[in-house]
Amino acid sequence: MEEDEINLKEMLDDELYELMQEDLYDGYAQEVSEEVEEMLSRDHQPYTILTEGLVAGMDVVGADFRDGILFVPEVLMAAKAMKAGMGILRPLLAETGAEKIGTMVIGTVKGDIHDIGKNLVAMMLEGAGFEIIDLGVNNSVDDFMGAIEKHNPDIIGMSALLTTTMPYMRVVIDALKEAGIRQNLVVLVGGAPLNEAFAEDIEADAYCRDAAVAVETAKKYMAIRRQKAKAD
Ligand code: B1M
C-alpha cells in the first residue's frame, strides 16, 4: 500500500479501519501508527480503535497463519505493527485516573513467547485501576512464585497461546497449592486455545475470553475479596 498516495483525512471511518487492518497485515508499523493517530483525531475511543482496527487486523493474520498463507517472519512484522499501534493507545487506555483497586501479577507461561494478548489485558487492567506487575513471556513456576513473594498480589494472571503450553498453568496452580497460598490468590487465565472447562479442570478461578472480560472478572473478584475481608 503506497501511503504517500493516500490522504487519510479524506477517508471514511470504515475505509480507514480497513486500511489499518491491511497495513497491520502487511506489517507497516509507521502507517498503522499514523492511522491510529488519525482515528484519535476523529475522537474515536482508544478501545474502539484497538478492537475495530488492530485486533480485527490481527484476527486475519491469525487465520492466514493457520492456513499456511503467512509464515513466522510475516507474523512477526504484523506483531510489530500491532505493538506500534498499541504503544500509542496504551497511555490513553491507562489514563482513567481510577483509584487503585488491586494488584495483579501477569505473565505468559513457560515455553510460550506470545505476548500481544497478555499486553492488551495488562493495559486494560491498568486503565481500570489495577497495579500491574508484568513478568513478560516464558515464565516458570519460580518466576511466578518469586513475583508473588515480592509483590503480594491479589490476582495472578496467566496467558498461553499454544496447546502445548497451556498445561503449564496447572503446574503453577499446583505449586501455589503446595506452598499453601492458593486460597489467598485469585487465579485468572486466558489465551486463544483455552476455555471455561479447561480453567475449571486446572482449578483456576476463571477463564477470561478477552481483555474486557478480564477487567470485568478481576473487578468482580476484588469486590468479593473486599466483602470477605470486611466479614472476617
Ligand atoms: Co503463534 N501461534 N506461534 N506466533 N500466533 C498461534 C497462537 C496459532 C494459533 C497460529 C495458528 O496456527 N493459527 C498457533 C498455535 C496452534 C496451537 O497451539 N494449537 C501458533 C503457533 C503454532 C506458533 C509457533 C509454534 C509457530 C512456529 O514457530 N512454527 C511459534 C511458537 C513460539 C512460542 O511461543 N514458543 C509461534 C510464534 C509466533 C510469533 C512469534 C511469530 C507471533 C507472536 C508475537 C508476539 O506475541 N510478540 C505469533 C502470533 C502473532 C500468533 C497469532 C497469529 C496471533 C496471536 C495474537 O497476538 N492474537 C496466533 C493466531 C491466533 O491466535 N489466531 C498464533 C491477538 C491477541 C489480541 O489475541 O492473544 O488471543 P490473544 O489474546 C486475547 C485473549 O486470548 C485474551 O485476551 C486477549 C485480548 O483480548 N487473553 C487473556 C490472552 N491472554 C490472556 C491472559 C489473561 C486473560 C485474558 O489473564 C488473566
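Counting starts at 1 for both ligands and their atoms, following the listed order. Owing to the predicted nature of the structure, the values given are computational and were not obtained by experimental measurement.
Linking Ile, Leu, Val, Met, Phe, Trp and Tyr whenever their side-chain heavy atoms come within less than 4.5 Å leaves L188 and I156 in two separate clusters. Both L50 and L125 are assigned to one and the same hydrophobic cluster, defined by single-linkage of ILVMFWY side chains at heavy-atom distances under 4.5 Å. Taking hydrophobic clusters as Ile, Leu, Val, Met, Phe, Trp and Tyr residues chained together by side-chain heavy-atom distances below 4.5 Å, V215 shares a cluster with I116. The hydrophobic cluster containing M123 also contains M222, counting ILVMFWY residues as joined when their side-chain heavy atoms lie under 4.5 angstrom apart, directly or transitively.
Any N or O atom pair closer than 3.5 Å counts here, and G111 shares at least one such pair with ligand 1. Checked against a 3.5 angstrom limit, the closest N/O atoms of I113 and ligand 1 fall inside it. Close N/O approach between V121 and ligand 1 is not found [any backbone or side-chain N/O within under 3.5 Å].
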Just do the side-chain contact (heavy atoms from CB on, under 4.5 Å) check on E216 and K220 with the steps written out, would you? CA-CA 6 Å; E216 257 170 49; K220 183 183 93 182; over 6 Å; no

side-chain contact (heavy atoms from CB on, under 4.5 Å) evaluation trace for V137 with H114: CA-CA 7 Å; V137 297; H114 294 86; over 6 Å; no

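Looking only at protein heavy atoms, the nearest one to atom 27 (C) of ligand 1 is V72 CG2, 3.9 Å. Among all protein heavy atoms, the one lying closest to atom 71 (P) of ligand 1 is G117 CA, 4.0 Å. The protein heavy atom nearest to atom 47 (N) of ligand 1 is D115 OD1, 2.8 Å. For atom 81 (N) of ligand 1, the closest non-hydrogen atom of the protein is G191 N, 3.5 Å. Nearest to atom 38 (C) of ligand 1 among the protein's heavy atoms is H114 NE2, 3.4 Å. In terms of protein heavy atoms, atom 21 (C) of ligand 1 is closest to L162 CD2, 3.7 Å. Among protein heavy atoms, the minimum distance from atom 7 (C) of ligand 1 is reached at L161 O, 3.3 Å. For atom 42 (C) of ligand 1, the closest non-hydrogen atom of the protein is V75 CG1, 3.9 Å.
Atoms of ligand 1 lying under 4.0 Å from any heavy atom of C208, numbered from 1 in the order shown and given with element: 88 (C), 89 (C). Of all atoms in ligand 1, numbered sequentially from 1 with element shown, those under 4.0 Å from a heavy atom of D112 are 34 (O). Applying the 4.0 Å criterion to heavy atoms of L76 picks out, from ligand 1, the atoms 40 (C), 41 (C). In summary, the atoms of ligand 1 found under 4.0 Å from a heavy atom of L120, numbered by their order in the structure, are 67 (C), 79 (C). Atoms of ligand 1 lying under 4.0 Å from at least one heavy atom of R209, given by number and element, are 74 (C), 75 (O), 76 (C). Of all atoms in ligand 1, numbered sequentially from 1 with element shown, those under 4.0 Å from a heavy atom of D210 are 76 (C), 77 (O), 80 (O). Residue M158 approaches ligand 1 through these ligand atoms, each under 4.0 Å from one of its heavy atoms: 86 (C), 87 (C), 90 (O).
When the heavy-atom distances from atom 80 (O) of ligand 1 to A211, A63, A212 are ranked, the shortest goes to A211.
Y47 is listed as a side-chain neighbour of M124, based on a closest heavy-atom distance under 4.5 Å. Taking the side chain as every heavy atom from C-beta outward, I132 and I106 approach each other to under 4.5 Å. M169 has its side chain out of reach of V172: every pair of non-hydrogen atoms, C-beta onward, lies at least 4.5 Å apart.
Side-chain N or O atoms of D112 include one that pairs as donor or acceptor with a backbone N or O of L161 at under 3.5 Å. Put simply, the side chain of T48 never gets that close to the backbone of H44: no donor and acceptor are under 3.5 Å apart.
In this structure, atom 53 (C) of ligand 1 has protein heavy atoms in its sub-4.0 angstrom surroundings. The nearest protein heavy atom to atom 65 (C) of ligand 1 is closer than 4.0 Å. Distance check on atom 59 (C) of ligand 1: every protein heavy atom falls at or beyond the 4.0 Å cut-off. Counting protein heavy atoms under 4.0 angstrom from atom 9 (C) of ligand 1 gives zero. Less than 4.0 angstrom separates atom 33 (C) of ligand 1 from at least one non-hydrogen atom of the protein. Contact annotation for atom 16 (C) of ligand 1: protein absent (non-hydrogen atoms, distance under 4.0 Å).
Heavy-atom separations between P193 and ligand 1 are all 4.0 Å or longer. Under a 4.0 angstrom heavy-atom cut-off, M124 registers as lying outside contact with ligand 1.
With respect to the salt-bridge test (charged N to carboxylate O, under 4.0 angstrom), the residues K110 and D142 do not qualify. A salt bridge is defined here as a Lys NZ or Arg NE, NH1 or NH2 lying under 4.0 Å from an Asp or Glu carboxylate O, and D134 with K118 meets this definition. Taking the charged nitrogens against the carboxylate oxygens, E126 and R90 do have a contact shorter than 4.0 Å, which makes a salt bridge. The pair D201-R170 meets the salt-bridge criterion, since a charged nitrogen lies less than 4.0 angstrom from a carboxylate oxygen.
Residue contacts with ligand 1 for R66 involve both N, CA, C or O and side-chain atoms from C-beta outward (heavy atoms, distance under 4.0 Å).
A side-chain N or O of Y25 and one of D64 form a donor-acceptor pair less than 3.5 Å apart.
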